[in-house]
Structure formats: C-alpha cells, structure tokens
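Contents: one structure, followed by commentary.
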Protein chains: 2
Amino acid sequence: MSVTRKKPVKASAESTSAKVRAAGLRPTRQRIALAGLLFRDEDRHVTAEALHEEAAKAGVRVSLATIYNTLHQFTQAGLLNEVVVDSGRAYFDTNIGDHQHFYVEENGALIDIPGETIGISNVPTPPKGMAVDRVDVVVRIKRA
Amino acid sequence: MSVTRKKPVKASAESTSAKVRAAGLRPTRQRIALAGLLFRDEDRHVTAEALHEEAAKAGVRVSLATIYNTLHQFTQAGLLNEVVVDSGRAYFDTNIGDHQHFYVEENGALIDIPGETIGISNVPTPPKGMAVDRVDVVVRIKRA
DNA sequence: AATCTCTTTTGAATTGTTCTAAAGTGTTGA
DNA sequence: TCAACACTTTAGAACAATTCAAAAGAGATT
C-alpha cells in the first residue's frame, strides 16, 4: 500500500484562530500569527530564534519572550513536540505524530523519518514506579 | 546465557596516566585526577558541573574551564561519549560501548540500557552524500 | 637547566532561555 | 457599549551553561 502523506490544508486565519482557541489559549494577534507561520505548510522544525526572525521577516512584531512562551504553550497543548538533539538549543516540531529524525550535526538540520520506517523492539520495563513517557530516536548523520 | 558485565578493574594511578597518554594527551595532574574519578568505578554519567563539585570534594583543585576542556578532549579521544537528552546541559558517559538510556526527566538521572536489549531495525539510508554517524535512543520515563 | 609547546586558570564574554514588572488586550456581563 | 478582570505581551534584567582570551604554569626534550 502507498503511504498516506497528509497534505496539510492551508490554514485560514479563522481556522488558525480556532486552533489556538481549541488549545485553550486566547487567540491573540501574536499567537495567531505564529500559529499561521508554524502550521501553514508541511511539517517543520524551528528554533525560537529562527521563528523570531521568520516572524520579523513576515512583518509580525513579536518579542522573543513571547516566542518562547508560545512555543511552550503550543507544546503543552499538544500542537508541537519538542525535539532534543542538541544540548544547547531547543527544536520544536509541528509533526506531532509518531516519527523520528535524522539530525545533521554539521548544520543543525532536522529531517523527519516517518514513524513506520524504523522498528524499535524490546524497550525494557522502566524501574519500579516509573513509566515510559516516550522513546526518542535520533539518527545522527554527517558528510560521508 | 548470562550477560557478561565487565567489572572495571580499579585503575591505578599509573594506568590512569597511561590511559591519558594513550589518548594522545599529556598526563597532567588535572587530567589524571579527572580520569581517576571518571574511570574508577562502574560506568557513570556526569555533567561538567557535577564533576567539578566531585573533584572539589575529592580535594582536587581544577577550574571549571579545565573540566570542560578535559571532558571534550576525552570525548574526542574516544574515552567518553556525550549523551544528548536535555537541551540545556551536556552529559558525558564513561560507557563508550553500544547502549541506550533511560532518562528521568524529573531529576535528570540517566540509566544505562545494555546495547543488546533494544532492537532497532530498518534505519533508513541518509540523504545522498551523508552517512550515519550513530543512532541514539532515549527512553524518557516519568513517575507512573 | 633551558627551551619549547601544551595546559591551566581567571574572569570576561557568549548563547540560549527564563523571569519580572508594567503596559496592553481579549472576554464577559451589565 | 463599556467597565472590569484575567490573561498576555513586552523590554530588559537575570540566569545558566559553556566558551574564549590572555597570561601564568607545567610537561617534555635537549
């Protein structure tokens, strides 16, 4: 069977607002604008700094503090996932489904690996009283 | 069959010195002391800050900058592995063999998972011109 | 011991992120 | 519609982790 690649529908301003509201957050100018940038296209990966610049280029005036607040709120609301690949900066991923990443250490680029690609088996039972939150797989790649 | 758990031999001052030298580094007082702390016992995980404190308690005077230098040099020499589980601080692991980790987000603890436990299959081919450097698996756990 | 090179150190500098207090804005009910 | 309130945003300070730079110190080699 062919893999069903969900082509995201270009979100309208209204649906973006609705999405923010649905997340339990007030649809403020900033949040709507950032959601618009984040969920407009294909799945994407951003750092706070990168999104800040992108917003600036798009003519949206948002403070860096708000970028951080928003990224965390969206993450908490399940709209984003945080990806840990670098001790030094945080990446946020609009793809909240089960999947993994290639990480190009050289330039900090992240590339999605569809969730059904890699097989992970025999994840051991956590210590008493603990439960698995999630299993992260990062395939670090470099120039051949 | 039973898993062969290599019980590390208590490294002598001489062998520690030799280990540092073998790594292509001058066996200075600081490096020998840090190697002594790091490779004395079982496999262990440290942060720069933690090792700094530990050294202080052990009566070894080493600057934090040297801790960082040394951890990186040891890593580059293949004596340590860096583990990325937290965008915020770097962990170093004296276990340089193939294995994975449980990561307790709550308190930042790392727990080794023997390399032969988890099965990873079908790691996809990296983009043209790239090669897999390594595959990291982190099992994030939390209080049940 | 002289010399050369590699190391360590201190403290400043950077980077990424969070905090704080004040000003601003969405929402609600009269 | 507007007041009133709670939630947000903002600028800038504060922080934490790490790196850098210049000068002093210490192995190695002769």
Side-chain angles (χ1 to χ4, degrees), chain A residues 13-14 16-37 45-56 59-77 80 82-92 105 107-108, chain B residues 13-14 16-37 45-56 60-77 79-80 82-92 105 107-108:
Chain A
E14 306 85 67
T16 300
S17 179
K19 185 162 195 168
V20 172
R21 181 174 282 112
L25 299 166
R26 281 193 189 168
T28 63
R29 173 178 67 76
Q30 295 80 339
R31 297 209 265 235
I32 292 171
L34 294 179
L37 292 173
H45 310 98
V46 301
T47 59
E49 204 60 63
L51 183 58
H52 191 217
E53 283 174 30
E54 187 177 333
V60 183
R61 239 184 98 278
V62 194
S63 74
L64 188 53
T66 296
I67 298 279
Y68 276 105
N69 287 340
T70 304
L71 286 174
H72 287 142
Q73 291 154 352
F74 282 8
T75 298
Q76 208 168 324
L80 293 176
E82 188 179 343
V83 184
V84 180
V85 287
D86 181 300
S87 61
R89 60 161 139 231
Y91 285 78
F92 294 85
E105 312 231 21
N107 62 7
Chain B
E14 306 84 66
T16 299
S17 179
K19 186 162 193 168
V20 172
R21 181 175 281 110
L25 298 166
R26 277 192 193 169
T28 62
R29 173 179 67 75
Q30 294 83 337
R31 296 210 267 235
I32 292 171
L34 295 179
L37 292 173
H45 310 99
V46 300
T47 59
E49 204 61 61
L51 183 58
H52 190 216
E53 282 173 31
E54 186 176 334
V60 183
R61 240 186 96 280
V62 193
S63 73
L64 189 52
T66 296
I67 298 279
Y68 277 106
N69 287 340
T70 303
L71 286 173
H72 286 142
Q73 291 154 353
F74 282 7
T75 297
Q76 207 168 324
L79 264 40
L80 293 176
E82 189 180 341
V83 184
V84 180
V85 286
D86 180 302
S87 61
R89 59 159 139 235
Y91 286 78
F92 293 86
E105 313 231 19
N107 63 5

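Since the model is a prediction, treat every value here as computed from it, not as a measurement. Each chain gets a letter, A, B and so on, in the order the sequences are listed, and its residues count up from 1.
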Tell me the interatomic distance from [X], atom [atom1], to [N], atom [atom2], rounded to whole angstroms.
X: B:Asp86; N: C:dT18; atom1: CG; atom2: P; answer: 11 Å
X: B:Arg29; N: D:dA24; atom1: CZ; atom2: C1'; answer: 14 Å
X: B:Arg61; N: D:dA24; atom1: CZ; atom2: C1'; answer: 13 Å
X: B:Arg21; N: D:dA28; atom1: CZ; atom2: C1'; answer: 10 Å
X: B:Leu25; N: C:dC6; atom1: CG; atom2: P; answer: 12 Å
X: B:Gln73; N: C:dT7; atom1: CD; atom2: P; answer: 7 Å
X: B:Gln30; N: D:dG27; atom1: CD; atom2: P; answer: 8 Å
X: B:Leu34; N: C:dT9; atom1: CG; atom2: C1'; answer: 14 Å

In the structure I gave you, are the side-chain heavy atoms of [X] and [Y] within less than 4.5 Å of one another anywhere?
X: B:Ile67; Y: B:Glu49; answer: no
X: A:Arg26; Y: A:Val20; answer: no
X: B:His52; Y: B:Thr47; answer: no
X: B:Lys19; Y: B:Leu79; answer: yes
X: B:Leu51; Y: B:Phe92; answer: no
X: A:Tyr91; Y: A:Val46; answer: no

Would you list the protein and nucleotides 16-19 of chain D atom pairs, both N or O, that sit under 3.5 Å from each other?
| unit_1 | atom_1 | unit_2 | atom_2 | d |
| --- | --- | --- | --- | --- |
| D:dA17 | OP1 | B:Arg89 | NH1 | 3.4 |
| D:dA17 | O3' | B:Gly88 | O | 3.2 |
| D:dT18 | OP1 | B:Ala90 | N | 2.6 |
| D:dT18 | OP2 | B:Tyr68 | OH | 2.4 |
| D:dT18 | O5' | B:Tyr68 | OH | 3.1 |

- Side chains of A:Gln73 and A:Arg31: do they bring a donor and an acceptor to under 3.5 Å? yes

- Non-hydrogen atoms of B:Glu82 and A:Ser87 that approach each other most closely: OE2-OG, 3.4 Å

- For A:Val62 and A:Ala55, the nearest pair of non-hydrogen atoms, with its separation, is CG2-CB, 4.4 Å

- Of all the nucleotides listed (D:dT9, D:dA28, D:dT10), which has the minimum atom distance to the side chain of A:Thr28? D:dT9

- Item | Which nucleotide in C:dT27, D:dA28, C:dT10 has an atom nearest any side-chain atom of B:Ser63 | C:dT10

- Task: Classify every nucleotide of nucleotides 2-7 of chain D by which part a protein heavy atom approaches to under 4.0 Å, writing B for the base, S for the sugar-phosphate alone and - for neither, in 5'-to-3' order.
- Result: ----BB

- Query: Are A:Thr66 and D:dT10 close enough that a side-chain N or O sits under 4.0 Å from OP1 or OP2?
  - Reply: yes

